[in-house]
**Student:** 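Pasting in a structure now, in structure tokens, and then I'll have a few things to ask.
It should be emphasised that the depicted structure is a prediction, and the values quoted were computed from it without experimental measurement. Count residues from 1 along the sequence.
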Amino acid sequence: MSTFVHLIADYGPADPAFSEVVHRLTAADPTMTVQSTEVKPFSTVATGFWIAQLGVHNPTFDDLLLYSNTAPRTTESTPERADTGGALCYLELDNGVPVVAVDAGYNLSFIADRATTFREIELPADTGQFRSRDVFPRRVAEIANGNHSSLGAERSLDDVPAPPESVVCHVDGYGNVKTSIRHSAFTPESDTVTVELNGESCEAVVRDAVSNVPEGSLAIVPGSAGGDDPYQELFLRGGSAASTFGTPGPGEALSIRAEQA
């Protein structure tokens, strides 16, 4: 069986760490194809956003598996995470897509409402300092090939934090700023708003499509991510919205208020 693995990680294809993980995945299963999606270092917001976009809002197909390897060592949830990081977990979405990801920060937040299975993956007692290279790939290959013997205790989806309501999730190569604001929740009372982000305050027009944005205008529009209820994004016709706001990163909070007539 040939498995297609989307590897979503906070290092890029040019990073030797990525090369080693792909090497280990391929050593465990030479038929495996790995496609990478790079997110900013330690950004669980961007990781969760892309797990949902690839696993929920894009077509599914046979032998697809999503593997997230963003695993910041953090004390956000328990003291132990400062040393061991979050648990590696297995989720199955309601469309049948399997996800292997570290339960840390917002990694699982954007798919929690679509998960039908949520279990911890059992690891050796001593995974060592480089568990994401030395241990995780073997488990991913096993699960991708139908071996679920490493699946352990069930976990509660209630413990997964909700997605942040108004933050930057991703900045694309054109400088478009993708946010966590759903189109259905965006109800401005004016067609002009003020956006405050990353210490900058700018006026933006509200439009229903990028094709309706005049040249040189900053706008907030329904973006390309999020499926039937897309996320709003900041778009500058002929320029970079991100540069306008000093190139904010994932997790940066933004506020939007309507201009008074």
**Student:** Do Phe110 and Leu66 share a hydrophobic cluster (ILVMFWY, side-chain heavy atoms under 4.5 Å, transitive)?
**Tutor:**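 Yes, it is one cluster - the side chains of Phe110 and Leu66 are joined through contacts under 4.5 Å.
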**Student:** Within the structure provided, determine whether Tyr106 and Pro163 are in side-chain contact (heavy-atom separation under 4.5 Å).
**Tutor:**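 Answer no - side chains too far apart.
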**Student:** Say whether, by atom type as modelled, one donor and one acceptor occur between the side chain of Asp29 and the main chain of Ala141 under 3.5 angstrom.
**Tutor:**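 Judged by distance alone, no pair lies under 3.5 Å.
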**Student:** Under 4.5 Å between side-chain heavy atoms, counting indirect links through other Ile/Leu/Val/Met/Phe/Trp/Tyr residues: same cluster for Ile220 and Val205 or not?
**Tutor:**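 Ile220 does not cluster with Val205.
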**Student:** So, Arg237 side chain and Val210 main chain: donor-acceptor pair closer than 3.5 Å or not?
**Tutor:**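 Side chain of Arg237 to backbone of Val210, a donor-acceptor pair under 3.5 Å: yes, one is there.
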**Student:** Please check this pair: side chain of Asp208 against backbone of Pro222, looking for a donor-acceptor N/O pair closer than 3.5 Å.
**Tutor:**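 Absent.
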**Student:** Does His23, at its NE2 atom, have more than 12 non-hydrogen atoms belonging to other residues, nucleotides or ligands within less than 6.0 Å?
**Tutor:**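 No.
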**Student:** Can you confirm whether Phe4 sits close enough to Asp63 that some side-chain heavy atom of one is under 4.5 Å from a side-chain heavy atom of the other?
**Tutor:**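 Answer no - side chains too far apart.
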**Student:** Hey, is the main chain of Glu252 close enough, under 3.5 Å, to the side chain of Asn198 for a donor-acceptor pair?
**Tutor:**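 Not at all, since once roles are kept as given, no pair shorter than 3.5 Å links the two residues.
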**Student:** Would you name the heavy atoms of Pro98 and Leu64 that are closest together and state the gap between them?
**Tutor:**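 Here Pro98 and Leu64 meet closest at CD-O, 3.2 Å.
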**Student:** For residues Leu236 and Val193: do they belong to one hydrophobic cluster (side chain heavy atoms under 4.5 Å, members Ile, Leu, Val, Met, Phe, Trp, Tyr)?
**Tutor:**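 Looking at the clustering, Val193 is in the same group as Leu236.
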**Student:** Once rounded to the nearest 0.5 Å, what's the spacing between atom NE2 of His183 and atom CG of Asp228?
**Tutor:**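 That separation rounds to 11.5 Å.
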**Student:** Which atom pair, heavy atoms only, marks the closest approach of Ser68 to Ile51?
**Tutor:**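 Minimum heavy-atom contact is CB-CD1, 3.7 Å.
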**Student:** Would you give the length of the straight line joining atom CG of Asn69 to atom CG of Asn107, rounded to the nearest 0.5 angstrom?
**Tutor:**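 Output value for this atom pair is 9.5 Å.
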**Student:** Mind checking whether Arg155 and Leu108 have side chains closer than 4.5 Å, heavy atoms only?
**Tutor:**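 No, too far: nothing below the 4.5 Å cut-off.
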**Student:** Do Val39 and Val168 belong together in a cluster built from hydrophobic side chains that touch within less than 4.5 Å?
**Tutor:**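 Val39 and Val168: separate clusters.
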**Student:** Between atom CG of Leu157 and atom OG1 of Thr117, what is the distance when rounded to the nearest 0.5 Å?
**Tutor:**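 Nearest 0.5 Å value for the CG-OG1 distance: 9.0 Å.
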**Student:** Hey, could you give me the OG/CG distance between Ser240 and Asn176, rounded to the nearest 0.5 Å?
**Tutor:**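 Answer rounded to 0.5 Å: 8.0 Å.
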**Student:** Any heavy-atom pair between the side chains of Val56 and Ile111 that's under 4.5 Å?
**Tutor:**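 Yes, at least one pair of side-chain atoms sits under 4.5 Å.
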**Student:** I want to check something: taking the side chain as every heavy atom from C-beta on, are Ser224 and Lys178 in contact at a cut-off of under 4.5 Å?
**Tutor:**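 Answer yes - side chains close enough.
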**Student:** Search all heavy atoms of Ala71 against all heavy atoms of Arg131 and return the closest pair with its distance.
**Tutor:**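 Residues Ala71 and Arg131, closest heavy atoms: CB-NH2, 4.0 Å.
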**Student:** Starting from Ile256, can I reach Val167 by hopping between I/L/V/M/F/W/Y residues whose side chains sit under 4.5 Å apart?
**Tutor:**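 No, Val167 and Ile256 fall in different hydrophobic clusters.
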**Student:** According to salt bridge (Lys or Arg N to Asp or Glu O under 4.0 Å), who are the partners of Arg24, at least two apart in sequence or on a separate chain?
**Tutor:**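 With sequence neighbours excluded, Arg24 shows a salt bridge (Lys or Arg N to Asp or Glu O under 4.0 Å) to Asp134, given in chain and number order.
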**Student:** Does a sphere of radius 6.0 Å around CD in Glu203 hold more than 12 heavy atoms from other residues, nucleotides or ligands, not counting ones at 6.0 Å or beyond?
**Tutor:**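 Yes, because the 6.0 Å sphere around CD of Glu203 holds more than 12 heavy atoms from other groups.
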**Student:** Is a donor on one side and an acceptor on the other found under 3.5 Å between the side chain of Thr179 and the backbone of Gln232?
**Tutor:**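 Yes, because the side chain of Thr179 sits within donor-acceptor range (under 3.5 Å) of the backbone of Gln232.
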**Student:** Please determine whether side chain to side chain contact (heavy atoms under 4.5 Å, CB included) holds for the pair Ile121 and Leu151, giving the CA-CA distance in whole Å, both sets of side-chain angles, and the decisive distance to 0.1 Å.
**Tutor:** CA-CA 5 Å; Ile121 296 174; Leu151 300 190; 3.9 Å; yes
**Student:** Using modelled atom types and a 3.5 Å cut-off, is there a donor and acceptor pairing between side-chain atoms of Arg182 and backbone atoms of Asp229?
**Tutor:**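 Yes: the side chain of Arg182 pairs with the backbone of Asp229.
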**Student:** Verify side chain to side chain contact (heavy atoms under 4.5 Å, CB included) between Thr26 and Met32, making sure each step is shown before the conclusion.
**Tutor:** CA-CA 6 Å; Thr26 307; Met32 185 176 290; 5.6 Å; no
**Student:** Which residue pairs pass the side chain to side chain donor-acceptor pair (under 3.5 Å) test with at least one member in residues 87-100, sequence neighbours excluded?
**Tutor:**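 Output for this query lists Tyr90-Glu92, Asp94-Arg114.
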**Student:** Is it the case that more than 12 heavy atoms not belonging to Glu200 sit under 6.0 Å from its CD atom?
**Tutor:**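 Buried by this count: over 12 neighbours within 6.0 Å.
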**Student:** Tell me, do His148 and Ile143 make a side-chain contact under 4.5 Å, heavy atoms counted?
**Tutor:**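 Yes; the side chains approach each other to less than 4.5 Å.
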**Student:** Using a 4.5 Å cut-off on heavy atoms from C-beta on, say whether the side chain of Val45 contacts that of Pro164.
**Tutor:**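 Counting from C-beta outward, Pro164 and Val45 do come under 4.5 Å.
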**Student:** In Å and rounded to the nearest 0.5 Å, what is the CD to OG distance from Glu196 to Ser201?
**Tutor:**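 Reported value, rounded in 0.5 Å steps: 4.5 Å.
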**Student:** I'd like to know if the side chain of Ser180 and the backbone of Ser166 have a donor-acceptor N/O pair within less than 3.5 Å.
**Tutor:**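 Judged by distance alone, yes, a pair lies under 3.5 Å.
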**Student:** Using every non-hydrogen atom in the two residues, find where Ala27 and Pro30 come nearest and quote the distance to one decimal.
**Tutor:**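 Smallest interatomic distance, heavy atoms only, reads O-CD, 4.4 Å.
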**Student:** Where do Pro124 and Arg139 come nearest, in terms of heavy atoms and distance?
**Tutor:**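 Scanning both residues completely, I find the closest heavy atoms to be CD-NH2, 4.0 Å.
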**Student:** Checking Gln35 side chain against Val5 main chain: does a donor-acceptor pair fall under 3.5 Å?
**Tutor:**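 The answer is no, because no donor-acceptor pair under 3.5 Å joins these two groups.
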**Student:** Please verify the inter-ring angle class for Phe49 with Tyr231; under 30° counts as parallel, over 60° as perpendicular, anything in between as tilted.
**Tutor:**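 The rings of Phe49 and Tyr231 sit tilted, inter-plane angle from 30° to 60°.
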**Student:** Let me see the working for Ser43 and His170 under side chain to side chain contact (heavy atoms under 4.5 Å, CB included), right down to the final yes or no.
**Tutor:** CA-CA 10 Å; Ser43 179; His170 177 73; over 6 Å; no
**Student:** Under a 3.5 Å distance rule, please check whether Thr70 uses its side chain to pair with a backbone N or O of Thr44 as donor and acceptor.
**Tutor:**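 No, the answer is negative, given that no donor and acceptor are paired below the 3.5 Å cut-off.
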**Student:** Just verifying a value: how many Å separate Leu197 CG and Thr194 OG1, rounded to the nearest 0.5 Å?
**Tutor:**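 So the gap between those two atoms works out to 13.0 Å.
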**Student:** A side-chain contact here means heavy atoms from C-beta on lying under 4.5 Å apart; do Val34 and Val21 qualify?
**Tutor:**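 No; the side chains remain at least 4.5 Å from each other.
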**Student:** How close do Asp10 and Phe42 get, heavy atom to heavy atom, and via which atoms?
**Tutor:**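 That closest heavy-atom pairing would be OD2-N, 2.9 Å.
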**Student:** Passes side chain to side chain contact (heavy atoms under 4.5 Å, CB included), Leu218 versus Phe245? Steps please.
**Tutor:** CA-CA 11 Å; Leu218 176 69; Phe245 291 97; 3.9 Å; yes
